[in-house]
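Just so we're clear, the structure is a prediction, and the values are computed from it rather than from any experiment.
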Amino acid sequence: MNGGGRAEVEAAHIRPVEHDGPDIVSNGLALSGTAHWMFDRGLVGFADDLSILVSRHSNDLNAVTAMINSSGKLLSPERPANRPRTEFVTWHRENCFKH
């Protein structure tokens with residue numbers, strides 16, 4: 001939900017197209033605008049088990065952590081073919097995420 005209480009979602013590439021990431025469902029995430037911005041800047045990422053990682057470079061760790069669902073993991077699609085592929089998650093963690 002955005003600040004006005006309206007549902008908001010954006011499509012985000014895990015491995016960006018400009019870095020040879022394919023434009024396919026398993027290379028994408030549905031994120032809020034804020035989460036998309038943080039993901040693209042490496043302030044959040046994912047472990048291979050899709051646990052959500054928060055960078056120590058985040059300005060307000062408590063605020064970022066408050067945005068994460070209680071499971072601490074990405075809520076992924078039921079259909080296996082639509083789930084984020086490990087190769088893209090690993091690429092993002094190794095090339096974008098700020099450890």
Side-chain angles (χ1 to χ4, degrees):
M1 303 300 255
N2 66 18
R6 295 179 55 190
E8 173 186 291
V9 68
E10 294 182 1
H13 287 97
I14 303 168
R15 180 174 181 157
V17 173
E18 60 266 20
H19 292 286
D20 300 319
D23 198 16
I24 58 175
V25 172
S26 59
N27 185 37
L29 300 169
L31 300 172
S32 71
T34 301
H36 187 175
W37 181 90
M38 291 188 307
F39 183 74
D40 283 354
R41 282 150 188 81
L43 298 175
V44 293
F46 301 99
D48 286 341
D49 70 352
L50 301 181
S51 295
I52 301 168
L53 306 172
V54 179
S55 171
R56 60 184 173 87
H57 295 277
S58 297
N59 288 336
D60 188 343
L61 183 60
N62 291 332
V64 175
T65 303
M67 293 175 52
I68 297 172
N69 71 68
S70 61
S71 74
K73 287 188 164 189
L74 178 71
L75 302 175
S76 59
E78 288 184 26
R79 187 170 179 230
N82 292 339
R83 293 181 190 149
R85 288 188 3 206
T86 302
E87 66 191 84
F88 304 133
V89 172
T90 300
W91 185 93
H92 182 273
R93 191 174 56 250
E94 292 177 354
N95 295 279
C96 297
F97 183 68
K98 296 176 177 158
H99 296 271

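- For Phe97, the ring-ring contact (aromatic ring centres under 6.0 Å, His included) partners at least two apart in sequence or on another chain are His99.
- Using a 4.5 Å heavy-atom cutoff, the side chains of His19 and Asn95 are not in contact.
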Please step through side chain to side chain contact (heavy atoms under 4.5 Å, CB included) for the pair Val64 and Leu43, ending with a clear verdict. CA-CA 9 Å; Val64 175; Leu43 298 175; over 6 Å; no
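- Between the side chain of His13 and the backbone N or O of Glu18, no donor-acceptor pair lies under 3.5 Å.
- Annotation: the span from Ser55 atom OG to Arg41 atom CZ amounts to 13.5 Å, rounded to 0.5 Å.
- Evaluation of the side chain to side chain contact (heavy atoms under 4.5 Å, CB included) rule for Asn69 yields Ile52, Ser71, Leu75 as partners, not counting sequence neighbours.
- Between the side chain of Arg83 and the backbone N or O of Glu78 there is at least one donor-acceptor pair closer than 3.5 Å.
- With hydrogens and angles ignored, the 3.5 Å screen pairs a side-chain donor or acceptor of Ser32 with a backbone N or O of Ala35.
- Between Asp20 and Trp91 there is no side-chain heavy-atom pair separated by less than 4.5 Å.
- Follow the hydrophobic side-chain contacts under 4.5 Å out from Leu53 and you never reach Trp37; the two are in separate clusters.
- Across all non-hydrogen atoms, the minimal contact from Pro84 to Ile14 is CB-CD1, 3.6 Å.
- Residues meeting the ring-ring contact (aromatic ring centres under 6.0 Å, His included) test with His57, sequence neighbours left out: none.
- Asp48 is linked by a side-chain hydrogen bond (donor to acceptor under 3.5 Å, both in side chains) to Thr90, Arg93, counting only residues two or more places apart in sequence or in another chain.
- Using a 4.5 Å heavy-atom cutoff, the side chains of Val54 and Ile68 are in contact.
- Using a 4.5 Å heavy-atom threshold, the side chains of Val44 and Met67 count as separate.
- Aromatic pair Phe39/Phe46: centroids less than 6.0 angstrom apart.
- Residue Pro22 comes nearest to Asn27 through the heavy atom pair O-ND2, 2.8 Å, listed as atom of the first residue, atom of the second, then distance.
- Under the side chain to side chain contact (heavy atoms under 4.5 Å, CB included) criterion, Asn82 pairs with Val25, Pro77, Arg79, sequence neighbours left out.
- Ile24 approaches Arg85 most closely through the heavy-atom pair CD1-NH1, 3.7 Å.
- By the side-chain hydrogen bond (donor to acceptor under 3.5 Å, both in side chains) test, His36 is found to be paired with Glu10, Asp40, residues two or more places apart in sequence or in another chain being considered.
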